[in-house]
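Atoms within each ligand, like the ligands themselves, are counted from 1 in listed order. Only this structure's heavy atoms are used, side chains among them; waters, hydrogens and symmetry mates stay out.
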Amino acid sequence: VTQSLDHVIRNVPDFPKPGIQFKDITTLLKDGAALALSVDAIAERFKGTLIQKVAGIESRGFPFGCALAYSLGAGFVPIRKKGKLPAPTYRQEYALEYGTDALEVHQDAFTPGERVLVVDDLLATGGTAAAACSLVERAGGRVVGCGFVVELSFLGGRKRLPGRVVHSLVDYAAE
Ligand code: AMP
C-alpha cells in the first residue's frame with residue numbers, strides 16, 4: 001500500500017513558499033485504483049471500530065473523508081475554514097506548518113457521545129488535526145481515531161494527538 005501510494009503522491013518543492021516540500025495528493029485522487037486503495041486501507045484499519053461519523057477537514061480531507069464515511073456506513077461532517085458554514089458553529093484557532101487559521105464545525109453536527117473518525121489528507125505538525133479533534137469534542141462527539149493518507153513524522157504531529165489512535169498510510173520520515 002505504502003509503495004503504490006508513494007508513487008502517485010507528487011512532491012512539489014517550494015510550494016506554497018520556499019522550503020516547503022508540498023505533498024500533492026491530486027495525482028493520487030485522479031488515479032482510480034490509488035484512490036480506492038487509499039480509502040480501503042484506512043477503512044480496513046477502522047472497520048473493527050464502530051464509527052458513526054467521519055469528520056473531514058477542509059479541503060483535502062473531504063474526498064477521503066466522504067469516501068471513508070460511505071465505506072464505513074457512517075455519516076460525513078465537514079470541518080471547514082472560518083466563515084464557510086452557514087448555521088451556528090464552534091470555532092478553534094490553530095497553527096499551520098505555514099501560517100495560522102481557524103476551523104469551524106456546526107454545533108449540531110454530532111449527537112452526544114457519537115463516535116467520530118477525524119480524517120485529513122496529511123498530518124504535518126498536527127495543529128490542524130488537534131484543532132479538529134477539539135472541535136468534534138466541543139460539539140459533543142467522541143474522537144475514536146484519526147486517519148491520514150500522508151504523515152510527515154519528522155514534524156512530530158502525533159505528539160499533538162496524545163492518547164489518540166492515529167493511522168496513516170505513507171510516512172515521509174525526513175524532508
Ligand atoms: P499541520 O497542522 O501542520 O499538521 O498541517 C496539516 C494541514 O496542512 C493538512 O490539511 C495538510 O493538507 C496541510 N499541509 C501541511 N503541510 C503540508 C505539506 N508539506 N504538503 C501538503 N499539505 C500540507
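- By the criterion of a heavy-atom distance under 4.0 Å, the side chain of Leu152, and not its backbone, is placed next to ligand 1.
- Annotation: cation-pi pair Lys23/Tyr172 present, NZ/CZ under 6.0 Å from the ring centroid and within 45° of its normal.
- Considering only heavy atoms from C-beta on, Leu117 comes within 4.5 Å of Leu72 through its side chain.
- Heavy atoms of Asp121 found under 4.0 angstrom from ligand 1 belong exclusively to the side chain.
- Distances below 4.0 Å separate heavy atoms of Thr128 from the following atoms of ligand 1: 1 (P), 2 (O), 5 (O), 6 (C), 7 (C).
- For the pair Arg60 and ligand 1, the shortest N or O to N or O distance falls below 3.5 Å.
- For Lys47, the NZ atom counts as loosely surrounded, since its 6.0 Å shell holds 12 or fewer non-hydrogen atoms of other residues, nucleotides or ligands.
- Looking at Asp120 against ligand 1, only its side chain comes within 4.0 Å, counting heavy atoms.
- Here is the list of ligand 1 atoms found below 4.0 Å of a heavy atom in Thr125: 1 (P), 2 (O), 3 (O), 4 (O).
- Not a single heavy atom of Val150 sits less than 4.0 Å from an atom of ligand 1.
- Between Gly126 and ligand 1 there is a heavy-atom distance shorter than 4.0 Å.
- A 6.0 Å sphere centred on CZ of Arg138 holds more than 12 heavy atoms belonging to other residues, nucleotides or ligands.
- Below 4.0 Å from some heavy atom of Gln21 lie the following atoms of ligand 1, by number and element: 18 (C), 19 (N), 20 (N).
- When the heavy atoms of Leu103, Ile9, Leu122, Asp101 are ranked by distance to atom 6 (C) of ligand 1, first place goes to Leu122.
- Looking at residues two or more places apart in sequence or on another chain, you find no ring-ring contact (aromatic ring centres under 6.0 Å, His included) involving Tyr94.
- Of the residues Leu35, Val54, Ile57, the one that meets the side-chain contact (heavy atoms from CB on, under 4.5 Å) test with Phe64 is Leu35.
- Sparse packing is recorded around NZ of Lys84, with 12 or fewer heavy atoms of other residues, nucleotides or ligands lying under 6.0 Å away.
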